[in-house]
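Below, chain A is the first sequence line, B the second, and so on; all start at residue 1. As a basis for the values below, the full set of heavy atoms in this structure was taken, side chains included, without hydrogen atoms, waters or symmetry mates.
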Protein chains: 2
Amino acid sequence: MRERPSSPPRSAARPTTLSVDLVVIGPQAGSLAVLLTRAAESRVRERWTLPWDAPRGEEALGDAATRLARATLGTAPGTPEQIRAFGDNRRHPGDAEVSVGFFALVPEVERRLPDGGPAWFGRANLPTLAPRHRAIVDAAFDAVRDRLDQTPLAFQLLPPTFTLTELQAIYELLLDRPLHKASFRRALQAAYLVEPTEEWRSEGRGRPAQLFRYAPHKRRDNRRGVRFDLLTG
Amino acid sequence: MRERPSSPPRSAARPTTLSVDLVVIGPQAGSLAVLLTRAAESRVRERWTLPWDAPRGEEALGDAATRLARATLGTAPGTPEQIRAFGDNRRHPGDAEVSVGFFALVPEVERRLPDGGPAWFGRANLPTLAPRHRAIVDAAFDAVRDRLDQTPLAFQLLPPTFTLTELQAIYELLLDRPLHKASFRRALQAAYLVEPTEEWRSEGRGRPAQLFRYAPHKRRDNRRGVRFDLLTG
DNA sequence: GACTTTAGTATCACCGCGCTACTAATTCGC
DNA sequence: GCGAATTAGTAGCGCGGTGATACTAAAGTC
């Protein structure tokens, strides 16, 4: 179990085939959907793939992800966030040895696409993807869930104004569990995250809902004790 | 702001120089220390670097990080965890275009090293590192702090048995803020994470402390509401 | 105009958290 | 010896956030 520390290894950067792969997530009919593109090259086994490409020249990884998002959507979503690097031996459509995954979130209203190109697939109805792409998609949803209470990701999935019921529905989708209405609103109020507009939206039956916008105000630094009850593993 | 979605880009994985870079962290005299190796090659500007190398052949990224840790320490720490990929244009000692950072944690007792090789540096007294290595070190500490309440990382920085005061000190080091003793222990007790041994350790003055070991037992699934008070940005 | 549906609020009990204050067991100084 | 100092560990209190039930408000449906 214990080895002699050998002479320090002569490190060298080795040329490696690299890709940047993007998971665009948007709400769709009460679920979450992922944007996939048609695999052009015939040698690729699966019909659909995540948008991906290699960074060009001196292009930074995040810039490559942004370029991919623009090229695929025709519009700019929020800045893509990195998930992590995937460098096991699972197969990649372009046979990249290492892939760096990113996710980007778009509100429902931005999901107009030309025919014959990319298309949305509900999370539960994804077609078969290359194994590495499958892993990147799963990791994307995990990453969004994990970062949900550190970063205001939920608002990227909503239009500029929204009802509190819509906001709660987004949280429930991302967390995959129901939330308590009164508690949700109380916590939201206490954080000064949203402000009401003058508009109300009447959607079919029932009382109209007031529209809110994301407007983070005063932030109380809220450093709490340690949580031991979330430990996994 | 809006572009026509051009014809789908012809994606291709491009050869890129890649490195795996490791941040080994261990407690040292009431602070945290990082393991650095002497830069062998003269063309490298800085005298010290993080241990790094390119993955070999079909080697997975995590396996390369484990190999680096063994080669540098002469012993196996816990499995290294990935931080993320670093692909901006900050300079890397081996001029890698993309670097994948990992961190590994070792308890104090494992930090015996031969002379003339790698050495420990306190977090506050790090020598000048290549800009990308500096960024990886900072990201490593952030990642450990962020994952502290999801993963039992703190116990990797302690020997198999430890006192509760030592455990609390590790948490305070990683979080960089003081914690309340009574609250810390109450939360720990409620999580059934540790169990007492029969041993007590008398360390200089004061009442001896009981030794505990990490032994996670019954886990109550504790799904709580949403936190809005941690949002940054 | 009663019923249904959805939005939003009030109230209460509980529990986790931070705080202060206390007890317990050891070493140090004289 | 014996009290002071030092460190370990616990008890009790009050505040505030959480989740539950139950309520009011405003719209559509028949």
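Looking at residues 193-207 of chain B, you'll see B/Arg205, B/Gly206, B/Arg207 sit with a heavy atom under 4.0 Å from some atom of DNA chain D.
One N or O on the side chain of A/Gln168 and one on the backbone of A/Leu179 form a donor-acceptor pair closer than 3.5 Å. Under the 3.5 Å distance criterion, the side-chain polar atoms of A/Thr197 are matched with a main-chain donor or acceptor of A/Glu199.
Nearer to the 5' terminus of DNA chain C, by closest-nucleotide assignment, is the contact made by A/Leu164 (compared with the other of A/Leu164 and B/Pro208). Projected onto DNA chain C by closest heavy-atom contact, A/Arg186 and A/Leu211 fall at different nucleotides, the more 5' of which corresponds to A/Leu211.
Relative to the six-membered ring of B/Phe162, B/Arg213 misses at least one condition, a distance below 6.0 Å or an angle of at most 45° to the axis. For the pair B/Arg186 and B/Phe184, the cation-pi test (distance below 6.0 Å, angle within 45°) is failed. Annotation: cation-pi geometry not satisfied between B/Arg90 and B/Phe86 (NZ/CZ under 6.0 angstrom from ring centroid, within 45° of ring axis).
Under the 4.0 Å criterion applied to side-chain N and carboxylate O atoms, B/Glu46 and B/Arg134 are not assigned as salt-bridge partners.
For B/Phe184 and D/dT10, the CZ to C1' distance is 16 Å, given to the nearest whole Å. Atom CG in B/Leu188 sits roughly 17 Å away from atom C1' in C/dG18 (whole-Å rounding). Here the P atom of nucleotide D/dT7 and the NZ atom of B/Lys181 are 11 Å apart, to the nearest Å. Here D/dG9 presents its C1' atom at 16 Å from CZ of B/Phe162, a figure rounded to the nearest Å.
Contact check, A/His180 against D/dA20: a side-chain N or O comes under 4.0 Å of OP1 or OP2.
With hydrogens and angles ignored, no donor-acceptor pair closer than 3.5 Å exists between the side chain of A/Arg224 and the base of C/dG18.
Using a 4.0 Å heavy-atom cutoff across all strands shown, B/Thr165 reaches sugar-phosphate atoms only and no base atom.
Relative to the side chain of B/Ser183, the nucleotides C/dT20, C/dG18, C/dT9 differ in distance, and C/dG18 lies closest.
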